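These numbers were taken from a predicted model, which means no experiment stands behind them.
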Amino acid sequence: MKRIIVYIFMFFLLVSCKSTLKIINFCPYVFEKADILFTKDLSENVLVLSCDIKNLSDRCIKFIKIDLSVKDENDSSVFIGDNIYLKIQTLIFPEETKNIKINLDEYIIENIGTNCKIDGIFVSEVIFDDGQKWMDIFGRYSIY
């Protein structure tokens, strides 16, 4: 009898949890463009990530976390590790495309040339204005 009560309790617990969780099964964004740019700032090269991200969902995006890997002309990472995580607070309305530019100089381990290229980029986390979260920790939607 105890076992039946435990099973019934677990069943209702799982059903109630599943109904309160809203899982987003589609990728809520698309990169329309992603480039590494070099600019001159006080006679120094500045490495900048420039990307256009389009919100494909019907809700506003308020936070994104980008996983980025950049290689130099020798196919070596320009960062301390293989990749970096960029946390960006921004507001991207439904169907809007926003250009985001991020200075990457603070992440670079040494002076690099101008022949860097993106080796991989994806959004690993999206937080919407209603508090819901979408995650891609394995980079299923990675480009490059």
What is the minimum heavy-atom distance between [X] and [Y], and which atoms define it?
X	Y	answer
Ser142	Gly120	OG-CA, 4.3 Å
Cys116	Val78	SG-CG1, 3.8 Å
Lys71	Ser77	CD-N, 3.9 Å
Phe138	Phe122	C-CZ, 4.5 Å

Co-membership, hydrophobic cluster, residues Ile127 and Ile66, 4.5 Å side-chain:
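The answer is no; the residues belong to distinct hydrophobic clusters.
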*Can you get from Tyr141 to Leu86 by hopping between Ile, Leu, Val, Met, Phe, Trp and Tyr side chains that sit under 4.5 Å apart?*
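Same cluster: Tyr141 reaches Leu86 through Ile, Leu, Val, Met, Phe, Trp or Tyr contacts under 4.5 Å.
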Look at the side chain of [X] and the backbone N and O of [Y], then say whether any donor-acceptor pair between them is shorter than 3.5 Å.
X	Y	answer
Ser69	Asp82	yes
Asn74	Ser76	no
Ser124	Lys65	yes
Trp134	Phe26	yes
Lys98	Leu91	yes
Asp67	Gly139	no
Tyr29	Val123	yes

Report yes if some heavy atom in the side chain of [X] is under 4.5 Å from a heavy atom in the side chain of [Y]; otherwise report no.
X	Y	value
Phe31	Ile53	yes
Leu68	Tyr107	no
Leu49	Ile36	yes

When rounded to the nearest 0.5 Å, the distance separating CG of Leu37 from CD1 of Ile102 is 11.5 Å
Exercise for the section: Can you establish whether the number of heavy atoms outside Gln89 located under 6.0 Å from its atom CD is more than 12? Expected result: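 Atom CD in Gln89 is not packed in, count stays at 12 or less.
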Item checked: Carboxylate-amine/guanidinium proximity below 4.0 Å for Glu96 and Lys54 -> no
Going by an N to O cut-off under 4.0 Å, is there a salt bridge joining Asp75 and Lys117?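 Counted as a salt bridge, because a side-chain N and a carboxylate O are separated by less than 4.0 Å.
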Working note: Phe63 + Ile88, criterion side-chain contact (heavy atoms from CB on, under 4.5 Å); need CA distance, chi angles, decisive distance, verdict.
CA-CA 6 Å; Phe63 173 85; Ile88 305 154; over 6 Å; no
Subject >> Test log, rule side-chain contact (heavy atoms from CB on, under 4.5 Å), inputs Leu104 and Ile84 >> reply: CA-CA 10 Å; Leu104 301 175; Ile84 58 170; 4.0 Å; yes
